[in-house]
Structure formats: structure tokens, C-alpha cells
Protein chains: 2
Amino acid sequence: MPVTIRDVARQAGVSVKTVSRVINGDGPVREATRQRVQAVIEALHYRPNAVARSLVTRRTMALGLLIADVINPFFPEVVRGVEDAAKVAGYTVLLGNTDEDPVQEERYLALMQERQVDGLVLSGSRAEEEVLRQAADSGFWMALINRAVHHPRILSILVDNADATAQATSYLIQKGHRRIAYLLGPSRAEAARLRFEGYRRALREHGIPFRPAYVVQEIPRIEGGRKAMRTLLALPSPPTAVVAYNDLMAIGAIEAVQEAGGRVPDDVAVIGFDDILLAAYTIPPLTTVRVPKYEMGYKAAAALIDTIKIGRTSPRVVRFKGKIVVRGSA
Amino acid sequence: MPVTIRDVARQAGVSVKTVSRVINGDGPVREATRQRVQAVIEALHYRPNAVARSLVTRRTMALGLLIADVINPFFPEVVRGVEDAAKVAGYTVLLGNTDEDPVQEERYLALMQERQVDGLVLSGSRAEEEVLRQAADSGFWMALINRAVHHPRILSILVDNADATAQATSYLIQKGHRRIAYLLGPSRAEAARLRFEGYRRALREHGIPFRPAYVVQEIPRIEGGRKAMRTLLALPSPPTAVVAYNDLMAIGAIEAVQEAGGRVPDDVAVIGFDDILLAAYTIPPLTTVRVPKYEMGYKAAAALIDTIKIGRTSPRVVRFKGKIVVRGSA
DNA sequence: TCGAAAAATGACAACGTTGTCATATGCCGG
DNA sequence: CCGGCATATGACAACGTTGTCATTTTTCGA
């Protein structure tokens, strides 16, 4: 029922191959022929079938994009960056939410392979390194956002998690804080590990002893931050400042302080990470580390597409810088 | 280079058709054969090529999802709802951002048709009705969120925009407000028209004269709301309350009032629409109309998939109810 | 005006899978 | 141990496009 290239060919009195040439603008075609074919294409409202095309060219012009959860305010900007870069290069994006669940991530990875996407962007990846490596070995091109895996077919887009967190921590120390706690993120996340390292490094560099009781791990959401902060406030000598894995936890922490009758930043200073939209609107507005989310998404997709084109990763790691945004919470 | 069904067949000593039967679990296969084939599939890490499959079955098991902009906090929940419903039914989602631009929307519409998606969900659609109708005529199944188009292949998922806005307006009137302004959204959006109607209806029902000067149209973002509110504040007799097309404009309005040295809700009460995440965290927290965004996305995709399956829309319109969430701004 | 080279066009196979239909195999009752 | 029937399997075409290579047509110089 739908119009095929064959219909166009018949109607225009040429071979299908000639129609193909007109559509793709390759191979020589006499101008008169081209116009005749073009006219038929428009008359019949013919649209080439991308599925058939992909089967023979072995390219789908599609990118997979796996993120933890679109509703998490960190990801929409990443998604948009990926989408924009993809669009510029003529690629389409297949989206999947993995909920930071390695099982779901693996399932999607397999799905994307079946669907023959030309490359895959992962943000918030929690799969075993071995799984990613295996997919890459089987010929899959990947770009990881905020995760590093060394492999000839894997590209990493990173922020300086450790440095930025160290700076944030140092900022608090310079403000006179000595009892500084850390709200730890998901241990599976490489970014969580690195940020925590930055926190410890800053303490060490300023000669402040590390106190394990000042580190609380929770889910990286508002509720998690609230819960973690309650734990900290119950300590015999509670912290006067808190560095959080991300903004959501930081916001939860602020809420917990205020619930307990304390004031931010007077009683407890709070500093977040990511600079999500919400961060500018809390009470007080959140001091945080701005991460170039859109840019990272854009770069991930753009670099991935280049990589696919030339057939090798180059460069293999792209680093972005986080930047402290001082607002009211610290 | 990649493993095909042929490789599996050869290795297992059966025909490709038998392998196909094993994979899809259709047609009779002797248990012994099934196990042998299954073993080879696993040994070779064979993954069926979805592109080839789609070509012959004429179904891609993919849904297109066109939204205005993922970064706009209204859409992530919709996206997640669509994704979840799609996943349950074995569908994959192709995402596109249209930026409320009819040209981009049409371009994506064509792209999605080329890619042979089985159906399309549109949220924030701004294309000419004729364009949508034409796509539907050519056999395309669609679900529109917050837009109604009467066509046998088009499904509409709506909120009671007019009623909910009328309620919100009435709420302000009951609070004693008489000078109530309206921040109008994009005139291309059907939702904008309906909400505005609700505002006017409420005024009418309470015998409050409609004043054109109290209606300001701007882009539906924070900046737009700020700008619109500034205009209103410059009026000789500025409003004491404002109903906004959406939360972003409402937040902008709050900012403008505060910038001008006024207080919300004492000097100007503000009420929004959508209940985005941000709404709960502004100062003061925003009173607004909660729209079941996730549910609407889920329902859109689920109903669309049902529709595709049975080959006809049933029902053709699904209505959701908005609900006033009273917080601090009104 | 002719021949050779260049340009334009077309026939056919291939991409990897499933649908259709024919054939082979296994099973069961007598 | 055989016929008949159900079950299991396979051969081949088809999906709609592009790649390869052969063939036809045009162009142009001598």
C-alpha cells in the first residue's frame, strides 16, 4: 500500500537504481531525468523506507541514549545536548531509562544492539565494566558520560569530579568550617567515588582529620539527602557544613536542617553538585558546582559520531571543568 | 562479520526457518531441536537483526515521541510515562525536540515516517492541523497530548484545561480578589486557548468585567512571565492577583513582583499551571494546578499501542483532571 | 561522419529476516 | 508392520533499498 521506489521508477519510466541515485544525489543523472523523477516523487508523496536502506547500508543513522532517569533534573540537559548533536549530523536518538539498575542497563544494551544503532551514549551507567567492554569488543561504539573505561571503542566524557569537590570543600574550610560532613552518592557510580576523594583530599591538604562518622551514604535524591542530614544532626557534635554528592541530596539536607529548626547557612552550610535548575530556587538558593551538562551531552554525541565516521576514537577522553557557583547556602 | 541466523542454522544443522521458529517461539519445534538451536545461539552470542525483521514484518516496534523541549520541566515526566508504557509493550522510543516550531515538527514527522515507527506521540504539538491530518490519512497512528484533532487515526489525551483554570480563577475571586490578570501562553497552543477561556468564564460567572489590559501574552518561560508581570505592574491600577498559563510564567511573575519590592501573595497573588518540580521550591512555594504529566504520557503510549494492535482508536479521547495544589503564592 | 571516451542508465544480487507452502518425519491404531 | 494423520522441518520468495558491474547513450575531437 505505501509508495515504494519501484512505484516511482515505473511512473517516471526509469529504473529503480536511477530513482535511488536521484534520492541520494550520488552517481550521475541527467538533469532532465532528475527533474522528471523528482516530480514523480513529489506527486506520489514518496518517502524512502529507512529500514530497507539500513539493511543494505548496514547503518541506521541512529544513536542509542541510555540515562538513569529523565525525571532526575540532571539528565534533561544531557539528553538535549545529545539530541542536538545527533540532529546536526542527521542521526536519530533512541532513548532508554535504566534507573541506575545494571540489569535494566544490560537489557537495553542488548536491545540497542539488536536495533543496530550506530553508537551508544551512556549517562549514569552502572553496568559492570566487563559488560561494556564486551559490547565494545563486539564492534559497538560507545560514549560514556561521567565514567571512564579504557577501550579502543569507548569514549569518555568527564568532569573533574575530584578537583571540583576539593575546591568546594576548600571553600568551606576557608570560610572557617572545620566540622565538614560528606553526603555520599551511589557507590557503583564512579563519579561518586571521585567526588568523595576530592572531599578527602581537601581535608588532608588543610590538615583537617577525616571523621568517618561525617560520611553518610544514601540514595542520591532529595529524600536521601534529608535522611542523611537527620543522621548527621543526631551526632553528638554535628557538622557545621555539608558537601553533598549532588544537588538533590543537598536540597534534602537543607530541608532537614530547617525542619530541625536550624538555619542555612548560619547553622549548617550546604554545598551541592551539578547546578540543576532547582538549585537557583531553593531557600536559600544553593551554592553548588556547575557541571556543563548540555555541553557534555553534545560533545558525547558529536565525538561519538566523529569516531564512528573515522573508525577510531580520537581523542579517547574529553574533560570538562566544574565551576563553583556561590549562592546563599554556603 | 556479525553472526546471522544463517550462521546459527549451519552450526546447528537446521534450516534458517527453524532457527527463526525457535527465536520467535512460533510454529512447532521438537524439544531436542529447540535446545540444540538455543545452545548454538548462546554459543555464538547471536542477536537477531531488528532491522531485517522489521523490513519483512512491516513493524518496527518503535514509537516516535515528539516534545517541545526536554529541558522544559513539563516534559520529562511525560517522556518517562511514554517510555514506561512503551517498554512494557516491547516498544522502543525515538525522541525528538521540536521547540514549539511547526517547521521542525513537520521535519520530524517526515523523519519518523521514513523510519517507519509504528506510532507517534506528540506533546506540545504546534503543527498545522492539516499536516497532522495528512500524516494520519497516510496511515500513521498518533496520540496527541493536550491537543484535540478529530480523526479516526488520532487519539487525544487531554486535561480539563478550561475547567481547571476556571477553578483556579474562582479560588482567587473567593479570596476577595477582583483585579485578576492573566498571563497568556503561545497562541498556537490549543491548551493556551482553553485555559484562557476558563479564566474568562470564571470572571463572567462571578460578574467581574473582563479587562483586556489585564491579559499579557509572552513566551511561556520564566523570562516571559517576568516581562509580562513588569508590564502589568506598570499599569495605573495593577492587578492584585495573576493566573499564569504555566508554572514557569508564574515563577517569572513572582520574581518580577519581588524585584519591584512587592510581596507574594500579600501584594500580588500568583497561581500557576502544571505543578512542575520547581513549583514546590520557589519563594513562596507556588500555588498551581497539578497536571498528571506522567500518567498522561503513559496513557498516551499505552492507548496508542492498543490502538495500533486492534487497528482502530477506541476510545478516541481520554480526559484527565487537573487539581489545585494550594501552596504559598495564593 | 566516425570512433573512442565519458556519461547515463539498468539488471541483478544482496542485506537478514519471516511468510507461504510443500515435504519429510514420527506416531498410533489396527 | 502398515496406512493415515499430525507434527516437524525446509526451500524459496519476499520485504524495499543500495552496490556492482554491464550496457546503452551521449559527447566530442579528428
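Naming convention: chains lettered A, B, ... in sequence-line order (proteins, then strands); numbering from 1 in each chain.
Taking a 6.0 Å sphere around CZ of A/Arg188, one finds it holds more than 12 heavy atoms contributed by other residues, nucleotides or ligands. A/Gln35 CD: more than 12 foreign heavy atoms inside a 6.0 Å radius.
Taking atom CD of B/Gln116 as the reference point, atom P of D/dT17 lies 8 Å away to the nearest angstrom. Rounded to whole Å, atom P of C/dG16 lies 15 Å from atom CD of A/Glu114. Rounding to whole angstrom units, CZ of residue A/Arg10 and P of C/dG10 are separated by 14 Å. Rounded to an integer number of Å, the gap from A/Met61 CE to D/dT17 P is 17 Å. Rounded to whole Å, atom C1' of C/dG16 lies 18 Å from atom CZ of A/Arg53. Between the CG atom of B/Asp26 and the C1' atom of D/dG10 there is a distance of 15 Å, given to the nearest Å. In this entry the distance linking CD1 of B/Ile5 with P of C/dC15 reads 14 Å, nearest Å. What separates CG of B/Leu55 from P of D/dT18 is a distance of 12 Å, to the nearest Å.
Paired with A/Lys299 under the rule side chain to side chain contact (heavy atoms under 4.5 Å, CB included), one option of A/Val318, A/Ile145, A/Leu155 passes, and it is A/Val318. Each of A/Val22, A/Val16, A/Asn24, A/Thr18 was scored for a side chain to side chain contact (heavy atoms under 4.5 Å, CB included) with A/Ser20, with one residue passing: A/Asn24.
Across all strands shown, A/Ser54 has no heavy atoms under 4.0 Å from either base or sugar-phosphate atoms. Contacts of B/Val51 with the nucleic acid, taken as non-hydrogen atoms under 4.0 Å apart, are absent. Using a 4.0 Å heavy-atom distance criterion, B/Arg58 is classed as a sugar-phosphate-only contact.
We find that B/Arg133 and B/Asp137 are not joined by a salt bridge, their nearest charged nitrogen and carboxylate oxygen being 4.0 Å or further apart. The pair A/Asp99-B/Arg80 meets the salt-bridge criterion, with a side-chain N (NZ, NE, NH1 or NH2) lying under 4.0 Å from an Asp/Glu carboxylate O.
In this model, the phosphate group of D/dT9 is not approached by any side-chain N or O of B/Thr18 to a distance below 4.0 Å at OP1 or OP2. Contact annotation: A/Thr57 does not reach the phosphate of C/dC15 (side-chain N/O to OP1 or OP2, under 4.0 Å). Residue B/Ser15 places none of its side-chain N or O atoms closer than 4.0 Å to OP1 or OP2 of D/dA11. At the phosphate of D/dT18, OP1 or OP2 sits under 4.0 Å from a side-chain N or O atom of A/Asn24.
The side chain of B/Arg30 sits closest to C/dG26 out of C/dT9, C/dG26, D/dC15. The nucleotide whose nearest atom lies closest to any side-chain atom of B/Lys17 is, among D/dA11, C/dA7, C/dA11, D/dA11. Closest to the A/Ser20 side chain, of the nucleotides C/dT9, D/dT18, C/dG10, is D/dT18. Nearest nucleotide to the side chain of A/Ala52, out of D/dT17, C/dT18, D/dT9: D/dT17. Ranking C/dG10, D/dT17, C/dT17 by closeness to the B/Thr4 side chain, first place goes to C/dT17.
Residue whose closest nucleotide on DNA chain C sits further toward the 5' end, between A/Val16 and A/Pro28: A/Pro28.
For A/Arg21 and D/dG19, a side-chain-to-base donor-acceptor distance below 3.5 Å is absent, hydrogens and geometry of angles not being considered.
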